[in-house]
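Just so it is clear, the values below take in all heavy atoms, side chains as well, and ignore hydrogens, waters and symmetry mates. So you know, we letter chains A, B, ... as the sequences are listed, proteins then strands, and number each from 1.
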2 protein chains.
Amino acid sequence: MSAKTAASAGIAERPAGGTAPAGETGEPIWDIIELLFFAYRDFVGDPDEVLSKLGFGRAHHRVLHFVNRNPGMKVADLLDILNITKQSLGRVLKQMVDQGFVQQKEGAQDRRQRLLYVTPKGEALALKLAGLQTVRINRAFGELGPGAHEAARRFLTAMIDTDSREHVLRLIARADRAAKRG
Amino acid sequence: MSAKTAASAGIAERPAGGTAPAGETGEPIWDIIELLFFAYRDFVGDPDEVLSKLGFGRAHHRVLHFVNRNPGMKVADLLDILNITKQSLGRVLKQMVDQGFVQQKEGAQDRRQRLLYVTPKGEALALKLAGLQTVRINRAFGELGPGAHEAARRFLTAMIDTDSREHVLRLIARADRAAKRG
DNA sequence: CAAAATATGTCAATATGGCTGACATAAATA
DNA sequence: TATTTATGTCAGCCATATTGACATATTTTG
């Protein structure tokens, strides 16, 4: 019940004395480890249901999401983000193109490129999936009160590899600007 | 569950104009959606490296983690948590038993049960993996300052399905007590 | 006690989404 | 022209998930 329960479920507190300055590796932080597992499981669970009815999986979701957010991106860029091989991407991408969710256009300057765009149908699906996740996030923020969004953003950002953090933030910012133009 | 019922399942329409105050379902909350994706990717990435050297995958990690945290759990309980079929679990579990990471003992009261325990070798691996994740979490908390742990816990808890939330919290709390006894 | 339900295991077939390696094509570039 | 780049594709392998059917031991129930 109350949010307090979670707190008392807490643990991982260091053996007396503590304050355990950050950076120390003492005892595993079990609560966050497990909560992250369950939270992520539910977070991707909503879209998964919708996707499975279309014969799609999580891989399709990732492709659709990033193409929708970054219209005109190169195949190579998508491969970098998803961190998979072109063969793996190829199979999934082909399905989405064949079924009219994603479209490929020859690059204007460099005609070797096959720039990726979502179709209206693809955008509708992308927004439907993001909407399901947004409902969950908004419900959470609603329970947590003001400042929750900022706190979540800071926590999640800090959890990303320091090396790639800047890259990720730029990606998100760039996509936001693209969305506003669109 | 929830007021704001999935608000028309989310999305799409965001009739011109507005700033969408939090709590409303208008526009997708892209930053959290994407940060969660990248944060989780890195979070599971650390263990993945270690596991792959042992010929194990993420499935093995999940089994090892929960058995370590809940010594003596039934196979059925593990199936519930992981939400997979017994056939899927069977293969992974067999490997871990064969290689001496997990042990099965006949239930005392109910001799049909094969209660699950980690071996010392299994516990060492579980702690090694949790340690990697803890380093990341502690680094994040260190960057964020005091209150970060509590804030993260509250956020992640709120992201879990309302139905299963209590169950998850009980699971975590129970495992903590078990750990302290051990 | 016999019958039914339960906990677990296993065989077989199938799907998804990763992977590697090799090779092909078109276009840009040195 | 020769090379590199961007992309695609074929073929096969692996890990992890699925469903369905069936087996075994044990507990519970009528």
Side-chain angles (χ1 to χ4, degrees), chain A residues 37 41 44-45 47-67 72-99 102-117, chain B residues 37 40-41 44-45 47-67 70 72-99 102-117:
Chain A
F37 170 80
R41 176 128 102 45
V44 295
D48 279 357
E49 272 185 65
V50 173
L51 289 159
S52 70
K53 288 173 191 159
L54 296 169
F56 289 158
R58 210 168 289 172
H60 300 85
H61 187 189
R62 293 196 287 263
V63 169
L64 184 67
H65 172 91
F66 285 107
V67 172
M73 74 189 309
K74 291 188 296 175
V75 170
D77 293 338
L78 188 51
L79 288 175
D80 277 350
I81 291 175
L82 300 181
N83 205 26
I84 58 175
T85 60
K86 62 179 173 178
Q87 294 90 332
S88 297
L89 174 59
R91 193 172 1 92
V92 171
L93 191 54
K94 189 173 190 308
Q95 290 176 274
M96 308 211 72
V97 170
D98 288 349
Q99 296 184 43
V102 172
Q103 197 183 350
Q104 290 177 291
K105 293 181 190 173
E106 199 171 65
Q109 304 108 335
D110 189 333
R111 286 170 32 229
R112 288 171 304 181
Q113 298 173 346
R114 296 298 131 83
L115 306 184
L116 301 169
Y117 297 86
Chain B
F37 170 79
Y40 195 77
R41 179 129 99 49
V44 295
D48 279 357
E49 272 185 65
V50 174
L51 289 160
S52 70
K53 288 173 191 158
L54 297 170
F56 289 159
R58 211 169 288 172
H60 301 84
H61 188 188
R62 292 195 288 264
V63 169
L64 184 66
H65 173 91
F66 285 107
V67 172
N70 303 277
M73 75 189 309
K74 292 187 294 176
V75 170
D77 293 337
L78 189 51
L79 288 175
D80 277 350
I81 291 176
L82 300 183
N83 205 26
I84 57 175
T85 60
K86 63 180 172 179
Q87 293 89 334
S88 297
L89 174 60
R91 190 182 5 91
V92 171
L93 191 54
K94 189 174 190 308
Q95 289 175 276
M96 307 211 72
V97 170
D98 287 350
Q99 296 184 44
V102 173
Q103 198 182 349
Q104 290 178 292
K105 293 182 190 172
E106 198 171 67
Q109 306 108 335
D110 188 335
R111 281 164 42 223
R112 290 170 303 181
Q113 299 172 345
R114 298 296 130 84
L115 306 183
L116 300 170
Y117 298 86

Atom pair CZ/NZ of A:R114 and A:K105 - distance to nearest 0.5 Å: 14.0 Å
N/O donor-acceptor pair, side chain A:R112 with base D:dT5, under 3.5 angstrom: yes
Rounding to an integer number of Å, can you tell me how far B:K94 NZ sits from C:dG9 P? 11 Å
Record whether the side chain of B:R91 comes under 3.5 Å of the base of D:dA17 through a donor-acceptor pair of N or O atoms. yes
For C:dT16 and A:H60 - does any side-chain N or O of the residue sit under 4.0 Å from the phosphate oxygens OP1/OP2? no
Output the rounded distance in Å from CG (A:D77) to P (D:dA6). 10 Å
Report the distance from atom CG of A:L51 to atom P of C:dA15, rounded to the nearest whole Å. 19 Å
Angle between ring planes, B:H65 versus B:H61, binned at 30° and 60°: parallel, tilted or perpendicular? perpendicular
B:M73 vs B:L115 side-chain heavy atoms within contact, under 4.5 Å: no
Please round to the nearest 0.5 Å and tell me the distance separating atom CG of B:L54 and atom CD of B:E49. 12.5 Å
Over all strands shown, is B:G90 touching base, sugar-phosphate only, or nothing at heavy-atom distances under 4.0 angstrom? nothing
For the pair made of CG in B:L64 and C1' in D:dT16, what is the distance, rounded to whole Å? 17 Å
Grab the CZ-P distance between B:R114 and C:dG9 for me, whole Å please. 6 Å
Separation of A:E106 atom CD from C:dA26 atom P, in whole Å? 12 Å
Give a yes/no answer on whether the side chain of B:S88 brings an N or O atom under 4.0 Å of OP1 or OP2 in D:dT16. no
On DNA chain C, nearest-nucleotide positions of A:R111 versus A:R58: which is more 5'? A:R58
Where the side chain of A:K86 is defined as all heavy atoms beyond and including C-beta, which of C:dA28, D:dA17, C:dA22 is the nearest nucleotide? C:dA22
Check if the side chain of A:Q104 and the base of D:dG8 share a donor-acceptor pair of N or O atoms closer than 3.5 Å. no
Looking at every strand, decide which applies to B:Q109 at a 4.0 Å heavy-atom threshold: base, sugar-phosphate, or nothing. sugar-phosphate
Could you work out which one of D:dT7, D:dT19, D:dT27 sits closest to the side chain of B:T85? D:dT19
What distance do A:K94 atom NZ and A:Q104 atom CD have between them, rounded to the nearest 0.5 Å? 10.5 Å
Between C1' on C:dG17 and CE on A:M96, what's the gap in Å once rounded to a whole number? 14 Å
Nearest-nucleotide wise, let me know which of A:G55 and B:Q87 is further upstream toward the 5' end of DNA chain C. B:Q87
Round to a whole Å and report the spacing from CG of B:L79 to P of D:dT18. 10 Å
